[in-house]
Amino acid sequence: QVQLVESGGGLVQAGGSLRLSCAASGRTFSSYTMGWFRQAPGKERVFLSAITWSGGTMYYADSVKGRFTISKDNAKNTVYLQMNSLKPEDTAIYYCAAKRGTAGTTSAGAYDYWGQGTQVTVSS
């Protein structure tokens with residue numbers, strides 16, 4: 001029903017920036033929330049940020065607030081995560097996800113669709 005394709009990961013120096021993209025297809029997304037999560041080796045998948053399609057309401061985890069910015073382009077059905085001031089501890093696989101409604105926004109288990117993940121590595 002919903003297909004998510006991520007891009008933009010890579011290797012960056014500490015203090016640098018990356019912009020991740022997630023292109024969505026297969027549905028009208030007005031009732032959906034789009035989220036970004038990351039998972040480091042041996043760790044749980046954790047919430048980073050989310051945005052609602054219809055209202056553009058944004059949510060951020062404390063760990064990335066002030067450094068990461070979520071945005072969307074409705075014409076392209078694409079969600080972005082601009083990541084600035086990157087730190088080595090940001091190294092992880094980053095995933096985009098989609099869910100219906102706004103309940104459970106910060107919980108990975110609440111999301112219905114997931115992208116394939118893209119590796120972000122931050123060197124010191």
Side-chain angles (χ1 to χ4, degrees):
Q1 294 182 200
V2 175
Q3 186 172 350
L4 307 175
V5 180
E6 302 169 345
S7 61
L11 176 66
V12 65
Q13 298 178 68
S17 299
L18 285 173
R19 188 180 73 163
L20 306 183
S21 299
C22 180
S25 62
R27 184 79 70 176
T28 299
F29 304 103
S30 60
S31 65
Y32 278 69
T33 298
M34 305 296 296
W36 286 98
F37 294 77
R38 70 185 180 194
Q39 188 168 23
K43 302 289 188 178
E44 292 288 310
R45 190 170 299 185
V46 299
F47 170 79
L48 299 175
S49 186
I51 188 168
T52 62
W53 272 109
S54 58
T57 303
M58 293 172 282
Y59 307 87
Y60 293 98
D62 289 342
S63 61
V64 303
K65 195 174 299 181
R67 298 191 298 126
F68 292 9
T69 303
I70 193 169
S71 62
K72 61 184 177 70
D73 184 335
N74 290 287
K76 296 182 178 180
N77 291 329
T78 300
V79 177
Y80 305 95
L81 186 68
Q82 178 67 44
M83 307 187 296
N84 299 327
S85 301
L86 284 163
K87 308 171 182 179
E89 50 262 47
D90 294 319
T91 296
I93 300 174
Y94 284 67
Y95 298 89
C96 64
K99 66 179 296 295
R100 303 175 185 87
T102 59
T105 299
T106 65
S107 175
Y111 284 75
D112 303 296
Y113 306 99
W114 293 86
Q116 76 283 0
T118 185
Q119 176 70 228
V120 172
T121 302
V122 184
S123 62
S124 59

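What you are looking at is a predicted structure, and each value in this text was computed from that prediction instead of being measured.
Of the N and O atoms on the side chains of Tyr80 and Arg19, not one donor lies less than 3.5 Å from an acceptor on the other residue.
Residues Gln1 and Tyr113 form a side-chain contact, since some pair of their non-hydrogen atoms from C-beta on lies under 4.5 Å apart. Inter-residue side-chain proximity for Cys22 and Thr78 is flagged as unmet; no heavy-atom pair is nearer than 4.5 Å.
Within the structure, disulfide (SG to SG under 2.5 Å) contacts touching residues 46-80 (residues at least two apart or in different chains) do not occur. Residue pairs meeting the ring pair (Phe, Tyr, Trp, His ring centres under 6.0 Å) criterion with at least one member in residues 39-63, sequence neighbours excluded, are Phe29-Trp53, Phe37-Phe47.
A donor-acceptor contact shorter than 3.5 Å is absent between the side chain of Lys87 and the backbone of Thr91. For Gln82 (side chain) and Phe68 (main-chain N/O), no donor-acceptor pair under 3.5 Å exists by modelled atom type.
Shown here are the side-chain hydrogen bond (donor to acceptor under 3.5 Å, both in side chains) partners of Thr69, two or more places apart in sequence or in another chain: there are none. In this structure, the salt bridge (charged side-chain N to carboxylate O under 4.0 Å, His left out) partners of Arg67, at least two apart in sequence or on a different chain, are Asp90. Under the ring pair (Phe, Tyr, Trp, His ring centres under 6.0 Å) criterion, Tyr95 pairs with no residue at all, not counting sequence neighbours. For the side-chain hydrogen bond (donor to acceptor under 3.5 Å, both in side chains) test, residues two or more places apart in sequence or in another chain that qualify with Asp112 are Arg100.
Ala50 approaches Thr105 most closely through the heavy-atom pair CB-CG2, 3.5 Å.
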